[in-house]
J.: 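My questions all concern the structure below.
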Amino acid sequence: MGEVAGQDAVLPVAPQTAESLARSMLAQLPAVTDALVQTIYEQNPAYREMNSVPAEDLWQSCHDNIARVVQMIAGADHHPDGSVTEDYFDAAHETGRRRAEQRMALDDVLRSFRLGGRLVWEALIEEARALGVADTDVLLDVASKVWEVVDTTSSQVAVAYHTTERQLVRADEQRRATLWEGLLHGRAKDPAFVHEAATVLDVPVNGPYAVVAIDTQTDDDRLTTSLVRRMAVVRVGSAWQTRAGAVVGLLALGTESPDVVLRLLRDNLQVPAGMSGVVTGLANVDVAYRQARLARRTLPAGELGVASLTERLPEALLLSAPELAEQLVQAWLVPLMKVPAAERELLLDTLEKWVTAGGSIRGTAELAHCHRNTVINRLHRIHQITGRNLTDVTSHVELGLALRAIRLFPPQ
């Protein structure tokens with residue numbers, strides 16, 4: 001019959017008439033199957049439009065399910081409690097599994113079972129009339145028996161369908177996770193892999209990309225759903241994956257400027273995050289992922305917001321070479337660590353403004369909101385403590401890096 005299954009198909013004890021009619025109908029299975037297949041194609045258009053169920057598959061499914069339904073009506077084996085033995089639901093289980101794998105909507109599958117039930121009922125009534133059975137009670141009993149068996153079989157189809165559907169979802173999630181891991185660890189150099197990843201994640205193979213790494217949120221699904229929608233507004237395709245400790249976003253920039261995307265992220269994220277520079281194509285996403293993680297690490301502890309790698313290249317370089325960062329701190333700032341904390345912070349702040357001002361006393365005073373003589377006194381104090389010559393312009397690069405390093409690696 002069409003395309004469904006439950007636990008207990010409890011059959012009325014009474015009439016032998018319904019059972020004998022069903023037994024005589026078994027000889028007509030091929031003709032009834034042909035009629036049902038034609039009816040499904042005519043009245044259940046999804047089977048034509050989706051074209052996911054091969055014709056031979058549909059015919060065999062209809063044949064096997066009709067056979068099982070008619071066998072149960074004819075008098076199936078029963079358990080002591082009156083329920084039908086599980087073997088009679090094998091066709092229903094197979095149909096539910098197959099249709100789930102073929103992505104046929106369950107409503108359409110169950111509809112074909114209802115069509116099959118009606119066809120079986122009509123065939124039994126025709127058989128009854130051919131045998132001269134006109135008793136209304138007998139015909140009502142036939143109808144009751146048919147629909148009870150069809151409903152039970154339908155519930156079993158639904159059970160098998162949902163079980164398979166859950167298995168497929170888990171398999172899809174695992175495949176998606178595997179593709180993500182491959183992308184983030186450099187497997188996209190393989191053309192076959194990169195095209196599969198692009199198809200599954202619904203992103204282009206080529207074009208400019210950026211990656212963002214966001215500290216894990218309480219509700220990651222809500223966050224990623226919101227970001228997908230907001231990225232689409234600026235014509236940026238995106239795919240998101242929750243990983244251990246972070247949410248990773250793959251941003252297909254298209255023609256959009258990365259600055260626009262960065263502003264959008266900063267407007268919508270109130271947690272630590274890092275954004276990579278721009279790379280070309282999915283094949284280089286692993287590079288962008290490393291950059292995004294590195295950018296995230298440039299944020300000092302407790303600081304919120306999105307760190308852009310292109311804005312924090314010095315910090316990224318220091319994090320990439322921590323032993324060199326330590327040498328810079330040792331060479332320039334270690335003596336300052338021995339003065340009281342309040343004075344140390346004041347002197348470090350003055351040094352940072354001195355570097356920002358390009359070694360200008362006046363510029364430093366303006367940034368520090370103090371008199372230029374105050375700046376001169378503080379710089380003299382720093383010279384006394386460190387023994388370093390701050391007037392040498394060539395020292396500004398090293399000093400600037402040392403100041404960034406001590407923020408990234410604060411002394412314990």
Side-chain angles (χ1 to χ4, degrees), residues 1-7 9 22 25-74 76 84 86-127 142-173 175-176 199-200 202:
M1 69 171 276
E3 313 200 28
V4 205
Q7 301 296 327
M25 182 183 162
L26 287 172
Q28 306 172 33
L29 276 179
V32 176
T33 300
D34 290 341
L36 178 54
V37 169
Q38 184 63 31
T39 300
I40 288 173
Y41 280 138
E42 291 174 355
Q43 300 185 30
N44 202 352
Y47 280 79
R48 295 193 316 272
E49 294 168 0
M50 286 192 62
N51 198 30
S52 61
V53 181
E56 61 275 14
D57 183 347
L58 179 59
W59 192 95
Q60 193 63 52
S61 174
C62 290
H63 176 276
D64 294 348
N65 280 285
I66 290 173
R68 285 308 197 187
V69 166
V70 173
Q71 286 167 358
M72 282 190 278
I73 296 171
V84 175
E86 186 70 16
D87 289 343
Y88 281 88
F89 297 127
D90 54 356
H93 293 155
E94 177 65 12
T95 297
R97 182 186 66 80
R98 291 277 298 145
R99 297 302 171 261
E101 291 174 346
Q102 292 160 341
R103 314 291 180 171
M104 176 65 68
L106 181 58
D107 285 347
D108 292 318
V109 178
L110 297 181
R111 184 180 181 192
S112 71
F113 268 80
R114 291 192 295 273
L115 292 172
R118 188 181 69 191
L119 204 66
V120 168
W121 176 69
E122 290 173 350
L124 288 172
I125 295 301
E126 284 299 317
E127 185 72 13
V142 170
S144 174
K145 210 164 190 180
V146 168
W147 290 112
E148 185 174 8
V149 172
V150 169
D151 286 347
T152 303
T153 307
S154 294
S155 68
Q156 288 296 317
V157 169
V159 167
Y161 185 99
H162 288 309
T163 298
T164 302
E165 190 175 44
R166 286 191 295 270
Q167 293 170 347
L168 291 171
V169 168
R170 286 195 294 271
D172 287 345
E173 290 173 349
R175 184 57 187 153
R176 184 181 175 91
T199 299
V200 173
D202 193 24

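Along the sequence shown, the residues carry numbers beginning at 1. Side-chain atoms are counted along with the backbone in the values below, which use heavy atoms only and exclude waters and symmetry mates.
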J.: Applying the side-chain contact (heavy atoms from CB on, under 4.5 Å) criterion to Phe89, which one of Thr152, Val157, Asn65 satisfies it?
T.: Thr152
J.: Taking the side chain as everything from C-beta on, heavy atoms only, tell me whether Asp64 gets closer than 4.5 Å to Glu94.
T.: no
J.: Any heavy-atom pair between the side chains of Arg118 and Arg114 that's under 4.5 Å?
T.: no
J.: Could you give the distance from OG1 (Thr33) to CD (Gln28), rounded to the nearest 0.5 Å?
T.: 11.0 Å
J.: Considering all heavy atoms of both residues, which atom of Ala123 and which atom of Met25 are nearest to each other, and what is their separation?
T.: CB-CE, 3.7 Å
J.: Go through the structure and list residues passing side-chain hydrogen bond (donor to acceptor under 3.5 Å, both in side chains) with Arg98, not counting sequence neighbours.
T.: Asp57
J.: Just jot down the side-chain contact (heavy atoms from CB on, under 4.5 Å) partners of Thr163, sequence neighbours excluded, or say none.
T.: Val159, Arg166, Gln167
J.: Just wondering, do Val120 and Val149 contact through their side chains at under 4.5 Å, heavy atoms?
T.: no
J.: Excluding sequence neighbours, so at least two apart, what forms salt bridge (Lys or Arg N to Asp or Glu O under 4.0 Å) with Asp172?
T.: Arg103
J.: Return the set of residues passing side-chain contact (heavy atoms from CB on, under 4.5 Å) with Pro45 (not counting sequence neighbours), or none when no residue passes.
T.: Arg48, Glu49, Arg111
J.: Quick one: does Glu101's side chain get under 4.5 Å of Arg97's, heavy atoms only?
T.: yes
J.: Sequence neighbours left out, what passes side-chain contact (heavy atoms from CB on, under 4.5 Å) with Ala35? Give chain and number order.
T.: Leu119
J.: My understanding is that only residues two or more places apart in sequence, or in another chain, count here; which of them pass salt bridge (Lys or Arg N to Asp or Glu O under 4.0 Å) with Arg175?
T.: Glu196
J.: Using side-chain hydrogen bond (donor to acceptor under 3.5 Å, both in side chains) as the criterion, list what pairs up with Glu173, not counting sequence neighbours.
T.: none
J.: According to salt bridge (Lys or Arg N to Asp or Glu O under 4.0 Å), who are the partners of Arg170, at least two apart in sequence or on a separate chain?
T.: none
J.: Kindly write out the residues that satisfy side-chain hydrogen bond (donor to acceptor under 3.5 Å, both in side chains) with Trp59, not counting sequence neighbours, or none if the list is empty.
T.: Asp34
J.: Under the 3.5 angstrom rule, does the side chain of Asn44 hit a backbone N or O of Asp108 as a donor-acceptor pair?
T.: yes
J.: How far apart are the closest heavy atoms of Arg99 and Val109, and which atoms are they?
T.: CB-CG2, 3.6 Å
J.: Can you give me the closest heavy-atom contact between Gly117 and Trp147, atom names plus distance?
T.: C-CH2, 3.5 Å
J.: Who are the salt bridge (Lys or Arg N to Asp or Glu O under 4.0 Å) partners of Glu126, not counting sequence neighbours?
T.: Arg129
J.: Looking at Met104, is its backbone amide N or carbonyl O close enough to the side chain of Tyr161 to form a donor-acceptor pair, meaning the two atoms are under 3.5 Å apart?
T.: yes
J.: For the residue pair Ala22 and Ile73, what are the closest heavy atoms and their distance?
T.: CB-CG2, 3.7 Å
J.: Hey, what do you get for CD1 (Ile40) to OG (Ser61), rounding to the nearest 0.5 Å?
T.: 7.5 Å
J.: With rounding to the nearest 0.5 angstrom, report the CE to CD distance, Met72 to Glu148.
T.: 10.5 Å
J.: Sequence neighbours left out, what passes side-chain contact (heavy atoms from CB on, under 4.5 Å) with Leu26? Give chain and number order.
T.: Leu29, Val70, Gln71
